[in-house]
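Note that the coordinates shown come from a computational prediction; the quantities given were computed from them, not determined experimentally.
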Amino acid sequence: MNLHGILVPMVTPFSADKQLDLPALEQITEAFIEKGVSGLVVCGTTGEYYTLSEAERELVLKTVATLAKGRVSLVAGINDLSTEGAIQRAKQAEQLGYEGLMLAPPAYSLPSQEGIIAHYEEVAKNTSLPIIMYNFPARIGVEIEFDTVAHLSKNPRIVAIKESSGDFSRALRLMQANFKDFEVVCGCDDQPVDFFFWGAKSWISGAANVLPEEQVALFNASQEGDWTKARGIMTKMYPAIQSMESGNYNQKAKLGCLKGQAKVGTVRLPLAQMSDAEQRDFLSLLNF
């Protein structure tokens, strides 16, 4: 699995009656690859995995794998409320040809740090695939604390952490720790230049559904050490990214998919629809 570059946690397209839209899924899969992304994360948070039935989940995973296997890295989101559920999803991803897994601590149960460690170690014991931990306390309710990351980084199956706490001081501490064979991935869409400046090599970005080409260009500029160009690209993207980070993230990822050119439908409940005015305001931010 190549973890470097831009990885898109893909939206899941729905038709007008909120059913899976597999032709649209195929279209955006091809489009993201053409835009130069390094990988696709399927059935993640931006993909509304929590609204999918098990049959739908398998269809989405299969559809993307059929098109993208061997062309970009394929990562499956395997979040579940239980450790056993995450293990079963890891096994499914492996059977379908995925190369990596992304996993947050279980939501709602508020596990202790000991519970978080046991959760990841149990999943790691039951898969041959590399695992990217996902630290997003605003959604999950608990943080994967620094000492917990240090402990889990020693597990050969656990290769990275997507850092989405929004606390760059914490991110910098993780990067400065230089854990062996372990990477810190940018998971904050308004902080990629900071992450890349301090040595991060990848960005798993829901906003890449909207601006994949621009994000690939930003990554490439950072790898060439052209920080003026990187800041310039970020400055153009920032209004749209800031809007997404301010609320209705998934709704805007779908509305603005491929700068509003891809028709991927709306979100499923419990996410609410945006008003017409909100939609117009967001789309206006993509005209650059």
Side-chain angles (χ1 to χ4, degrees), residues 1-5 7 9 38-45 49 61 72-165 167 169-188 195 198-204:
M1 176 181 67
N2 173 27
L3 189 53
H4 294 169
L7 287 81
S38 300
L40 301 172
V41 182
V42 187
C43 292
T45 306
Y49 75 88
L61 289 165
V72 293
S73 292
L74 286 176
V75 178
I78 61 165
N79 287 351
D80 194 85
L81 292 177
S82 74
T83 302
E84 180 57 35
I87 290 170
Q88 293 308 312
R89 292 185 170 188
K91 291 178 178 178
Q92 177 190 48
E94 194 164 356
Q95 290 168 357
L96 293 175
Y98 280 72
E99 302 160 79
L101 309 169
M102 191 162 74
L103 176 63
Y108 193 78
S109 57
L110 302 177
S112 65
Q113 295 302 301
E114 291 79 10
I116 291 171
I117 288 171
H119 173 68
Y120 279 106
E121 289 182 339
E122 189 67 18
V123 176
K125 190 166 66 177
N126 284 277
T127 183
S128 65
L129 297 180
I131 297 170
I132 304 165
M133 296 189 291
Y134 188 10
N135 184 54
F136 199 172
R139 281 190 182 268
I140 300 301
V142 293
E143 182 161 84
I144 309 173
E145 295 178 1
F146 179 88
D147 289 344
T148 300
V149 178
H151 176 88
L152 290 170
S153 71
K154 298 173 185 175
N155 188 307
R157 288 270 182 270
I158 300 174
V159 300
I161 184 168
K162 178 184 176 185
E163 179 52 42
S164 299
S165 67
D167 179 357
S169 293
R170 170 191 153 90
L172 183 57
R173 184 184 181 197
L174 289 169
M175 286 186 276
Q176 291 291 308
N178 291 318
F179 299 128
K180 185 179 179 182
D181 299 324
F182 186 84
E183 300 200 27
V184 180
V185 177
C186 177
C188 294
F195 272 80
W198 285 103
K201 300 293 185 184
S202 53
W203 181 13
I204 298 177

Beyond-backbone contact of Phe195 with Met175, side-chain heavy atoms, under 4.5 angstrom: yes
For Gly77 and Val41, the nearest pair of non-hydrogen atoms, with its separation, is N-CG1, 4.5 Å
Distance from Met1 atom CE to Leu101 atom CG, nearest 0.5 Å? 8.0 Å
Take Thr127 and Lys91, measure what side chain to side chain contact (heavy atoms under 4.5 Å, CB included) needs, and give me the verdict at the end. CA-CA 7 Å; Thr127 183; Lys91 291 178 178 178; over 6 Å; no
For Ile116 and Val142, work out which heavy atoms get closest and say how close. CD1-CG2, 4.0 Å
Once rounded to the nearest 0.5 Å, what's the spacing between atom CG of Leu152 and atom CD1 of Ile158? 4.5 Å
Between Thr45 and Arg139, is any pair of side-chain heavy atoms under 4.5 Å apart? yes
Which heavy atom in Glu163 sits nearest to a heavy atom in Ala171, and how many Å separate them? CG-CB, 4.0 Å
How far does CD of Glu183 sit from NZ of Lys162, to the nearest 0.5 angstrom? 15.0 Å
Ignoring hydrogens and geometry beyond distance, is a side-chain donor-acceptor pair present between Ser128 and Glu94 at under 3.5 Å? yes
Nearest 0.5 Å, please: how far is CD in Glu121 from CG in Asn126? 12.0 Å
Does one side chain, of Ser82 or Asp80, offer a donor that lies under 3.5 Å from an acceptor on the other? yes
Backbone N/O of Leu3 and side chain of Ser202: donor-acceptor pair under 3.5 Å: yes
Can you list the steps and then say if Val123 with Ile131 is a side chain to side chain contact (heavy atoms under 4.5 Å, CB included)? CA-CA 9 Å; Val123 176; Ile131 297 170; 4.0 Å; yes
So, do Ile87 and Glu122 sit near enough that their side-chain heavy atoms are less than 4.5 Å apart? yes
Short side-chain donor-acceptor distance under 3.5 Å, Gln113 and His151: no
Is the closest side-chain donor-acceptor distance between Gln88 and Gln92 under 3.5 Å? no
Phe146 six-ring face occupied by Arg170 cation (under 6.0 Å, within 45°): no
Identify the heavy atoms of Leu61 and Ala76 that sit nearest to each other, and give their distance. CD2-CB, 4.0 Å
To the nearest 0.5 Å, how far apart are CD1 in Ile161 and CZ in Phe179? 9.0 Å
Taking the side chain as C-beta and beyond, is there a heavy-atom pair between Ile140 and Tyr108 under 4.5 Å? no
Measure the OG1-OH distance between Thr83 and Tyr120 for me, rounded to the nearest 0.5 Å. 10.0 Å
Identify the two heavy atoms, one from Gly187 and one from Ser164, that lie closest to each other, and give their separation to 0.1 Å. O-OG, 2.9 Å
Using only atom types and a distance under 3.5 Å, with no angle test, would you say the side chain of Arg89 pairs donor to acceptor with the backbone of Asn79? yes
From CA spacing to verdict: side chain to side chain contact (heavy atoms under 4.5 Å, CB included), Lys154, Phe182: CA-CA 8 Å; Lys154 298 173 185 175; Phe182 186 84; over 6 Å; no
How far apart are the C-alpha atoms of Val42 and Tyr98, what are their side-chain angles, what is the distance that settles it, and do they pass the side chain to side chain contact (heavy atoms under 4.5 Å, CB included) test? CA-CA 10 Å; Val42 187; Tyr98 280 72; 3.6 Å; yes
Do the side chains of Ile144 and Pro105 get nearer than 4.5 Å, heavy atoms only? yes
Got Ile204 and Met102 here, is their nearest side-chain heavy-atom distance under 4.5 Å? yes
Side-chain heavy atoms of Val75 within contact of Leu7, under 4.5 Å: yes
Check Ser38 against Asn2 and note the closest heavy-atom contact, atom names and distance. CB-ND2, 4.2 Å
Do Ser153 and Lys180 make a side-chain contact, defined as non-hydrogen atoms from C-beta onward lying under 4.5 Å apart? no
